[in-house]
S.K.: 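Dropping the structure in here first, questions after.
Nothing here was measured: the structure is a model prediction, and the numbers come from that model.
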Amino acid sequence: MRFRASGRTDVTDPEGSGLVERMRLPDGAVRDLPITGCLVTASSEGDLTFRDCEIAGFPDNGLYASASTGNVTVEGGHYRNNAIANVRVGDGALVRNVRVTADYPGDGYENTRGIRLREGGSARVEGCTVELLSARISDGAITVATHMREAEIVDTTIRIDIEGVAAVLAKSPIDEYEDDDDVSTALTLRNVEGTGSARQG
């Protein structure tokens with residue numbers, strides 16, 4: 001698949017590390033083109049940290065980092081009104097003290113997620129604030145995809161003002177995991193607060 005992105009960051013040395021600090025992409029992209037804010041590809045094998053970044057208004061993912069085979073840390077910053085996922089990460093990822101806001105209800109956004117844990121062995125969300133205030137379609141503020149074996153969400157506040165939208169959505173594991181006796185799919189929630197005007201139930 002060919003991606004269009006405003007920026008791309010890879011750490012191609014497995015022993016290497018990289019830091020992206022205070023990157024600002026506040027103006028997004030044209031809404032009818034599938035453009036990502038910042039892309040991290042499968043060529044990234046080292047450790048990579050995004051610190052205090054701002055990415056907003058992209059019709060594809062804001063930060064698309066789930067393909068990396070190295071560990072990705074997203075620390076601080078504000079991710080707002082990006083479709084598909086504002087922050088999308090995979091195996092070994094840590095998303096900490098991040099704020100995510102969705103308050104754009106317009107056309108062109110097929111599924112606005114806050115944080116998407118996409119694939120791999122494990123990922124952790126810690127100390128985050130995720131606000132889904134308005135969106136045309138969303139299946140969850142924090143979602144755990146079928147390719148993720150284990151996820152932990154702690155010390156996090158989730159606000160939902162949209163009826164019928166999940167605060168946390170964990171999908172059933174795919175068949176290749178179900179046939180493996182050594183693999184367990186687990187979701188841990190600890191000190192997660194749900195607020196907002198949407199009805200609970």
Side-chain angles (χ1 to χ4, degrees), residues 1-12 16-102 104 108-125 128 130 132 135-149 151 153 169 171:
M1 179 182 294
R2 182 177 182 182
F3 292 95
R4 297 177 180 178
S6 287
R8 172 177 167 179
T9 304
D10 292 333
V11 178
T12 56
S17 62
L19 172 64
V20 179
E21 191 168 25
R22 293 188 295 275
M23 175 178 64
R24 297 185 67 250
L25 300 172
D27 297 324
V30 177
R31 300 203 184 278
D32 58 355
L33 294 176
I35 297 176
T36 293
C38 184
L39 177 66
V40 181
T41 75
S43 297
S44 189
E45 300 180 356
D47 294 339
L48 179 57
T49 298
F50 292 87
R51 182 178 296 155
D52 297 332
C53 296
E54 177 187 358
I55 301 179
F58 286 90
D60 196 70
N61 298 268
L63 175 60
Y64 190 148
S66 60
S68 173
T69 58
N71 293 330
V72 173
T73 299
V74 186
E75 185 174 4
H78 192 189
Y79 298 79
R80 181 174 180 177
N81 292 332
N82 301 289
I84 313 301
N86 280 273
V87 176
R88 172 174 169 161
V89 293
D91 187 26
L94 171 62
V95 183
R96 180 170 57 200
N97 299 332
V98 167
R99 181 183 176 193
V100 176
T101 305
Y104 172 75
Y109 280 19
E110 294 303 320
N111 193 347
T112 301
R113 303 174 183 92
I115 299 171
R116 188 181 189 195
L117 309 180
R118 179 64 177 86
E119 57 199 338
S122 65
R124 179 181 172 94
V125 176
C128 294
V130 182
L132 292 191
R136 193 169 72 87
I137 300 173
S138 175
D139 64 7
I142 300 176
T143 64
V144 183
T146 57
H147 301 274
M148 178 61 68
R149 300 178 183 180
I153 303 169
L169 176 66
K171 298 181 179 180

S.K.: Please identify each residue that fulfils side chain to side chain donor-acceptor pair (under 3.5 Å) with Arg8, with sequence neighbours left out.
M.R.: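 For Arg8, the residues satisfying side chain to side chain donor-acceptor pair (under 3.5 Å) (neighbours in sequence not counted) are Asp10, Thr41.
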S.K.: Could you check Thr36 against Asp60 for side chain to side chain donor-acceptor pair (under 3.5 Å), going step by step and ending with a plain yes or no?
M.R.: CA-CA 5 Å; Thr36 293; Asp60 196 70; 2.6 Å; yes
S.K.: When rounded to the nearest 0.5 angstrom, what distance separates CZ in Arg124 from OG1 in Thr73?
M.R.: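 So the CZ of Arg124 and the OG1 of Thr73 are separated by 11.5 Å.
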S.K.: Shortest non-hydrogen contact from Val130 to Gly114?
M.R.: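 Heavy atoms of Val130 and Gly114 come nearest at CG1-CA, 4.1 Å.
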S.K.: With Thr143, which residues qualify under side-chain contact (heavy atoms from CB on, under 4.5 Å), at least two apart?
M.R.: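 Only Arg113, Arg116, Asp139, Leu169 meet the side-chain contact (heavy atoms from CB on, under 4.5 Å) criterion with Thr143.
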S.K.: So, applying side chain to side chain contact (heavy atoms under 4.5 Å, CB included) with Val100, which one of Val95, Ile142, Ile115, Leu132 is it?
M.R.: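 The single option meeting the side chain to side chain contact (heavy atoms under 4.5 Å, CB included) with Val100 is Ile115.
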S.K.: What heavy-atom pair brings Ile55 and Cys38 nearest, and what distance separates the two atoms?
M.R.: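 Answer, listing the atom of Ile55 first, then Cys38: CD1-CB, 4.1 Å.
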S.K.: Restricting to salt bridge (charged side-chain N to carboxylate O under 4.0 Å, His left out), what partner residues turn up for Arg24, sequence neighbours left out?
M.R.: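 Only Glu54 meet the salt bridge (charged side-chain N to carboxylate O under 4.0 Å, His left out) criterion with Arg24.
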S.K.: Sequence neighbours excluded, which residues qualify as side-chain contact (heavy atoms from CB on, under 4.5 Å) partners of Arg51?
M.R.: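 With neighbours one apart ignored, the set is Leu19, Glu21, Thr49, Glu75.
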S.K.: To the closest 0.5 Å, what do you measure between CZ (Arg118) and OH (Tyr64)?
M.R.: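 Answer for the CZ-OH pair, Arg118 versus Tyr64, is 7.0 Å.
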S.K.: Side chain to side chain contact (heavy atoms under 4.5 Å, CB included) between Leu63 and Cys53: does it pass, once the steps are laid out?
M.R.: CA-CA 10 Å; Leu63 175 60; Cys53 296; over 6 Å; no
S.K.: Please name all residues satisfying side-chain contact (heavy atoms from CB on, under 4.5 Å) with Ala29, sequence neighbours left out, ordered by chain then number.
M.R.: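 Listed in chain order: Ile35, Phe58, Pro59.
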S.K.: Could you tell me whether a side-chain N or O of Asn86 sits under 3.5 Å from a main-chain N or O of Gly62, the two making a donor and an acceptor?
M.R.: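 A pair under 3.5 Å: no.
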S.K.: CE of Met148 to CG of Asp91: how many Å apart, nearest 0.5 Å?
M.R.: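 So the gap between those two atoms works out to 6.5 Å.
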S.K.: Name all residues meeting the side chain to side chain donor-acceptor pair (under 3.5 Å) criterion together with Thr112; count only those two or more places apart in sequence or in a different chain, and write none if there are none.
M.R.: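 Checked Thr112 against side chain to side chain donor-acceptor pair (under 3.5 Å); zero matches.
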S.K.: Is there a donor-acceptor pair closer than 3.5 Å between any side-chain N or O of Asn82 and the backbone N or O of Gly37?
M.R.: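 A pair under 3.5 Å: no.
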S.K.: Output all residues satisfying side-chain contact (heavy atoms from CB on, under 4.5 Å) with Val11, sequence neighbours left out; order by chain, then residue number.
M.R.: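 Result, side-chain contact (heavy atoms from CB on, under 4.5 Å) vs Val11: Ser44, Leu48.
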S.K.: Tell me, do Val87 and Phe50 make a side-chain contact under 4.5 Å, heavy atoms counted?
M.R.: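 Counting from C-beta outward, Val87 and Phe50 never come under 4.5 Å.
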S.K.: By salt bridge (charged side-chain N to carboxylate O under 4.0 Å, His left out), which residues pair with Arg99, not counting sequence neighbours?
M.R.: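 If we apply the salt bridge (charged side-chain N to carboxylate O under 4.0 Å, His left out) test to Arg99, skipping adjacent residues, the hits are Glu131.
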S.K.: Is there a donor-acceptor contact under 3.5 Å from the side chain of Asn71 to the main chain of Ala93?
M.R.: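 Side chain of Asn71 to backbone of Ala93: no pair is present.
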S.K.: Check side chain to side chain donor-acceptor pair (under 3.5 Å) between Asn81 and all other residues, then give those that pass, not counting sequence neighbours.
M.R.: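 Asp103.
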